[in-house]
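Convention: sequence-line order gives letters A, B, ...; per-chain numbering from 1.
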Protein chains: 2
Amino acid sequence: MKNTSDEPSGLRERKRRETLGRIAEAGLQLFVKKGYEETTLENIAAAAGVSRRTLFYYFKSKEDILLAWQGSGFAQALHPTMLQESPDQFPLDAARECLLKLASRLETKESIAVDGLLRSSEALRARKEAAYVELEHSLLNAMLELWPDPTKRNAHRVTAMVAIGTLRLALESWREEGGQPSLAHHISRHFDLLKHQV
Amino acid sequence: MKNTSDEPSGLRERKRRETLGRIAEAGLQLFVKKGYEETTLENIAAAAGVSRRTLFYYFKSKEDILLAWQGSGFAQALHPTMLQESPDQFPLDAARECLLKLASRLETKESIAVDGLLRSSEALRARKEAAYVELEHSLLNAMLELWPDPTKRNAHRVTAMVAIGTLRLALESWREEGGQPSLAHHISRHFDLLKHQV
DNA sequence: TTTTAATTTTACACTTAGTGCAATAACATT
DNA sequence: AATGTTATTGCACTAAGTGTAAAATTAAAA
């Protein structure tokens, strides 16, 4: 009979998670060491102790093996974290606070390594930009729960776009300046710029 | 001796342009008819009366054949059009005017067809988002020429981000509502929303 | 425990995008 | 006409990704 609970915890599930982890780790390690293009799926499969075909059982593409590391859970945490904000503020201010709380997740070794790799080809750079649009959607959905006014949908879209766009610029600037000072600082400064420009 | 002028106009150049055009048109036509993934480079080469290998002499990838149609020259026109704006306005207002002037370029049959195709796969959707970031850079460069104040670089970045982001949302909304009313109208409305939200 | 069902892993053959290389054809210049 | 330059092609090759079906592993039922 099928197990309908959320998290089955048998041997099968454990091995599954282990294999998934081995593949993701072997992938990231090789990408960092040899470069993304220079690493073949054959390489990853060998390092993970699995057949090439099995890679596609766990990931739908080579890119996905890299993207699995993106943002250290930033994307997953965005929605719930935003929901914790009080609705007694302007949406943009709430978004700002939320992003500040999550900033540390983007300051990890993995995040930085992955970000470097995401610059190494057109296709990967494009994926990175697309990821921001995903964040925008997560943020928008949380906003729609916090301020459930159907007539403000477009306004919220604009707010989410501005907030995530500001995060993107802050990250860029943080990197350009070699991680100095903290990312949170850059985010704050960029949100301040916003008020003066718009 | 080498021809150093900008636009050589011999037989060679004419044929070159013709071949380029044939490939791009054959590609778009087949993509629309059969779908992007379902169209092979073999198909396009045959339809353009050229060898598969020659495709790579003109385009560096299959995606590029499609992306050549993106925006009907919007990207190329952005910089020069922005430069025509008067510096006696707020940068964001100038950007708004500029985008309104260019809006019609996105309302063409080709733009709409390409946009549809760009939704058909993850990789293509990602390319589309990346294209907006390119626009952002073009706009930023023009702004830096119009208001050459090196201390305002980050401010201008924010402005360019907001302007192009607004364009993106306006385009989305315009499409959702079936092209009604004009794109320019949607752009205006979204820029108005901005003032209220930020 | 044995049997049966579901899931995971693998091998193999195949398609297609993209690259390197070198030969040939077409155009341009002297 | 001879020479150089650019465009076109064929061929062989690498690597990503898919379809299929068999084998191995784990879970559940008897």
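Within the nucleic acid shown, A:Thr40 comes within 4.0 Å of sugar-phosphate atoms alone, with no base atom in reach, counting heavy atoms only. Here B:Phe59 lies out of heavy-atom contact (under 4.0 Å) with every strand. Within the nucleic acid shown, B:Arg16 comes within 4.0 Å of sugar-phosphate atoms alone, with no base atom in reach, counting heavy atoms only.
Taking atom CD on B:Glu18 and atom P on D:dT6, their separation rounds to 20 Å, with Å as the unit. If you take CG of B:Leu67 and C1' of C:dA17, they are 15 Å apart, rounded to a whole angstrom. Here D:dT14 presents its P atom at 14 Å from CZ of A:Arg52, a figure rounded to the nearest Å. Between the P atom of D:dA16 and the OH atom of A:Tyr57 lies a distance of 22 Å, rounded to the nearest Å. In this entry the distance linking CZ of A:Arg14 with P of D:dT25 reads 16 Å, nearest Å. In this entry the distance linking CG of A:Asp64 with P of D:dA16 reads 14 Å, nearest Å. Rounded to a whole Å, the CD atom of B:Glu37 is 9 Å from the P atom of D:dT18. Note: CG (A:Leu55) to C1' (C:dA11) measures 15 Å, nearest angstrom.
Checked for salt-bridge contact, B:Arg127 and A:Glu122 meet the test: a charged N lies under 4.0 Å from a carboxylate O. Using a 4.0 Å cut-off between charged nitrogen and carboxylate oxygen, A:Glu13 and A:Arg17 count as a salt-bridge pair. Under a 4.0 Å N-O distance rule, the pair B:Glu172/A:Arg157 qualifies as a salt bridge.
Within the 3.5 Å criterion, the main-chain N or O of A:Ala77 finds a donor-acceptor partner in the side chain of A:Thr81.
Interface remark: the B:Arg12 side chain does form a donor-acceptor pair with the D:dT5 base, using a distance-only criterion of under 3.5 Å. Between the side chain of B:Arg53 and the base of C:dG18, no donor-acceptor pair under 3.5 Å is found.
In this structure, B:Phe56 and B:Lys15 both approach DNA chain C, and ranking their closest nucleotides by distance from the 5' end singles out B:Phe56.
A cation-pi geometry, defined here as NZ or CZ lying under 6.0 Å from the six-membered ring centre and within 45° of its normal, holds between A:Lys62 and A:Tyr36.
Between B:Ser51 and D:dT9, a side-chain N or O to OP1/OP2 separation shorter than 4.0 Å is present. Not one side-chain nitrogen or oxygen of B:Tyr58 sits closer than 4.0 Å to the OP1 or OP2 atom of D:dA7. Using a 4.0 Å cut-off, some side-chain N or O of A:Thr19 falls inside it from OP1 or OP2 of C:dT9.
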